[in-house]
Amino acid sequence: MSEDKFDAIVVGGGIAGTVAAYLLAKEGLEVILVERGNYAGSKNMTGGRIYSHSLEKIMPDFAREAPVERRITREKISLMTDESNVTLDFYSSKLGVQGSDSYSILRGVFDQWLAEKAEEAGVQIIPGIRVDDLIIREGKVCGVVAGEDELEANITILADGVNSLLAQKLGFRGELAAHHVAVGAKEIIELPPQVIEDRFNCNGNEGTAWLFAGYPSDGRVGGGFLYTNKSSISLGVVTTLSDVIKGSKTVPQMLEDFKQHPAVQPLIKDGKMIEYSGHLVPEAGLAMIPKIVGNGVLVVGDAAGFCINLGYMVRGMDFAVASAECAAKAVLKAKEARDFSEGYLQCYQGLLEQSFVMQDLKRYKDFPHFLEETPRIFNEYPKMADDLLADMFVVKGEPAQPLRKTIMQHVNKIGLLNIIKDGWKGVRSL
């Protein structure tokens, strides 16, 4: 057993864990961060985008130094069938305003930079070691068992990802429910910067975020995504784990078919796949948040289920940063009071309640359920949009009929009442 006792041990070198460690070390605490990957970011995956607001408050102008890829100034949302793609395209300088902007990133690069900032602040990072267990005495977490060592601390912060086995060992949560998580697969496809700028109509360091519903997830809950990087494209699919077993396609097959779609294939033409990864994603919002405070322990980031998928927007990393900040503030208060009990650490929950993290999770708590119970979004609506626009734009030399009649023909295939009900439920859930 190590003779040293640290102020804090952080398990997991993702964004949440590293930010928490950084903030504590900046305040003079002795902090150790244990990461099972060979380096921070080696096992981390994201679709590819970080909303800057929460990290901007901690590291002002971070994007000037950080290895971000492109500032997102174009948003695209598509309804896709096997042969068509109906797209909403929004370009605006408003998307690039500092403090409310977002960036495409590659986690293997970005997380290493963040870890370097943490080390500069005084964090001791131990990579390549898995935390197998927690040290618990008289109902209090006193540290971790990492490899052959036992490391002790006043507080342990769990940032070990959505499938947090340590939180499960503590009894903070049970096995993950299949409808609470999604499984994603992603390829990074290398292309010259000029080709990316030409194909996506980007200027300089501008970039595009593009989400797809329908065909990419085989008509089930989920979708596809595309983010432009400096010299590559992040392309992938995500689908709810409970839906994977219902379909005829595996997730890798969904991704391969997505790549071959006539609307996508030209965008990645002549590209070289340089990375392939998979990841579990928390999808249920408020419904899947476990217990996050215990005697001598806090849970942050994906391990706490802090993620929102609104269909038109997916947010996780800004929640990770904010939860890490709240955890750090709670630890500093506990250190000052010399009280790391569950009762005193409940101030972490209070700080989260005051932040956008819990407020947004509560606001959108019904949306994951709305997606689950409205499969038409992923199969019938993309088909309706395809058929309707085909009738509007394809000229066959036949007498035209009133547009109102054309629209109603396609609306009636789903049912006007169904569309009204889905629209009303969707609006209420948002």
Side-chain angles (χ1 to χ4, degrees), residues 46-52 68-97 100-106 182 184-189 191 193-217 219 221-239 254-255 257-269 271 281 308-317 371 377-378 381-386 388-390 392-393 426 430:
T46 181
R49 178 186 199 169
I50 183 171
Y51 290 92
S52 72
V68 296
E69 294 296 312
R70 291 180 181 270
R71 177 178 285 181
I72 302 301
T73 56
R74 185 181 296 274
E75 301 273 4
K76 292 189 174 187
I77 302 172
S78 291
L79 294 177
M80 178 178 275
T81 68
D82 58 351
E83 59 182 16
S84 71
N85 193 48
V86 179
T87 300
L88 171 67
D89 187 342
F90 175 57
Y91 174 85
S92 175
S93 59
K94 296 176 183 177
L95 293 170
V97 176
S100 59
D101 49 2
S102 63
Y103 297 88
S104 57
I105 64 170
L106 298 172
K186 182 183 80 170
E187 289 186 10
I188 296 178
I189 300 169
L191 284 169
Q194 190 59 54
V195 171
I196 292 173
E197 290 164 20
D198 291 343
R199 291 181 182 177
F200 294 91
N201 197 19
C202 300
N203 297 314
N205 70 339
E206 292 182 349
T208 295
W210 198 341
L211 300 180
F212 304 78
Y215 177 74
S217 56
V221 178
F225 60 84
L226 183 157
Y227 297 98
T228 55
N229 306 313
K230 286 180 180 177
S231 57
S232 65
I233 290 171
S234 295
L235 185 76
V237 297
V238 179
T239 187
M254 290 178 191
L255 178 54
D257 291 347
F258 183 39
K259 288 170 56 183
Q260 300 305 317
H261 191 278
V264 175
Q265 197 279 329
L267 300 175
I268 61 174
K269 182 181 178 182
V281 184
I308 287 182
N309 181 356
L310 299 177
Y312 64 89
M313 174 186 294
V314 180
R315 292 169 55 194
M317 283 182 278
L371 292 179
I377 294 173
F378 305 96
Y381 286 129
K383 183 69 168 70
M384 182 183 75
D386 174 23
L388 173 59
L389 292 176
M392 289 174 60
F393 292 111
L430 291 172

Heavy atoms of S234 and N229 approach each other most closely as OG-ND2, 3.0 Å

* Between the side chain of R70 and the main-chain N/O of S104, is any donor-acceptor distance below 3.5 Å? -> no

What one should report as the nearest heavy-atom pair of I105 and E69 is CA-CG, 3.9 Å

### Query
With side chains defined as the heavy atoms from C-beta onward, is the minimum distance between V97 and S100 less than 4.5 Å?
yes

Exercise. Without swapping roles, check the side chain of R71 against the backbone of G96 for a donor-acceptor pair under 3.5 Å.
Key: yes

- prompt: Is any side-chain heavy atom of R315 less than 4.5 Å from a side-chain heavy atom of Y51?
  reply: yes

- Query: Are T46 and R49 close enough that some pair of their side-chain heavy atoms sits under 4.5 Å apart?
  - Reply: no

Rounding to 0.5 Å, atoms OG1 (T73) and CZ (F200) come to a distance of 12.5 Å

### Message
Just so I know, are the side chains of L235 and I189 near enough to count as touching, which here means a heavy-atom distance under 4.5 Å?
### Response
yes

Check: Does S232 use its side chain to pair, donor to acceptor, with the backbone of I188 at less than 3.5 Å?
Finding: no

When rounded to the nearest 0.5 Å, the distance separating NZ of K259 from CG of L226 is 12.5 Å

Scanning both residues in full, the closest heavy-atom pair of G236 with F258 reads O-CE2, 3.6 Å

I want to check something: taking the side chain as every heavy atom from C-beta on, are T87 and I77 in contact at a cut-off of under 4.5 Å? no

- Return the orientation label for the F225 and Y227 ring planes: parallel under 30°, perpendicular over 60°, tilted otherwise. tilted

Residues at least two apart in sequence or cross-chain that pass side chain to side chain donor-acceptor pair (under 3.5 Å) with K186, listed by chain then number, are none

Would you confirm whether S102, through its side chain, and I50, through its main-chain N or O, come within 3.5 Å as a donor-acceptor pair?
-> no

So does M80 get a backbone contact from the side chain of S78, meaning a donor-acceptor N/O pair under 3.5 Å?
no

Shortest non-hydrogen pair, P382 vs G214, comes out as CG-CA, 4.1 Å

Margin query: Evaluate Y91 against R74 for side-chain hydrogen bond (donor to acceptor under 3.5 Å, both in side chains), listing each step before the verdict.
Written below: CA-CA 4 Å; Y91 174 85; R74 185 181 296 274; over 6 Å; no

Subject >> Test side chain to side chain contact (heavy atoms under 4.5 Å, CB included) applied to L79 and S84, step by step >> reply: CA-CA 8 Å; L79 294 177; S84 71; over 6 Å; no

Value for CD1 (I233) from CD1 (I268), rounded to nearest 0.5 Å, stands at 7.5 Å

So that I know where these two stand, are Y215 and F378 an aromatic pair - ring centroids less than 6.0 Å apart? no

Close side-chain approach of T239 and P216, heavy atoms under 4.5 Å: no

Rounded to the nearest 0.5 angstrom, the CD-OG1 distance for E206 and T228 is 9.5 Å

Rounding to 0.5 Å, atoms CG (D89) and CG (N201) come to a distance of 8.5 Å

Side chain to side chain donor-acceptor pair (under 3.5 Å) filter on T208, not counting sequence neighbours, yields none

Give the C-alpha distance, both sets of side-chain angles, the deciding distance and a yes or no for side chain to side chain contact (heavy atoms under 4.5 Å, CB included) between L88 and Y312. CA-CA 11 Å; L88 171 67; Y312 64 89; over 6 Å; no

| said: Before you tell me yes or no, could you show the steps for I308 and V314 under side chain to side chain contact (heavy atoms under 4.5 Å, CB included), namely the whole-Å CA-CA distance, both residues' side-chain angles and the distance that decides it to 0.1 Å? | reply: CA-CA 6 Å; I308 287 182; V314 180; over 6 Å; no

L371 vs I377, side chain to side chain contact (heavy atoms under 4.5 Å, CB included): CA-CA, chis, key distance, verdict | CA-CA 8 Å; L371 292 179; I377 294 173; 4.0 Å; yes

| With side chains defined as the heavy atoms from C-beta onward, is the minimum distance between S231 and L191 less than 4.5 Å? | no

So, N309 side chain and G311 main chain: donor-acceptor pair closer than 3.5 Å or not? yes

Quiz item: Got D386 and L388 here, is their nearest side-chain heavy-atom distance under 4.5 Å?
Solution: no

Inset, instruction - For the pair E197 (side chain) and N203 (backbone), establish whether a donor and an acceptor sit closer than 3.5 Å, ignoring hydrogens and angles. - result: no

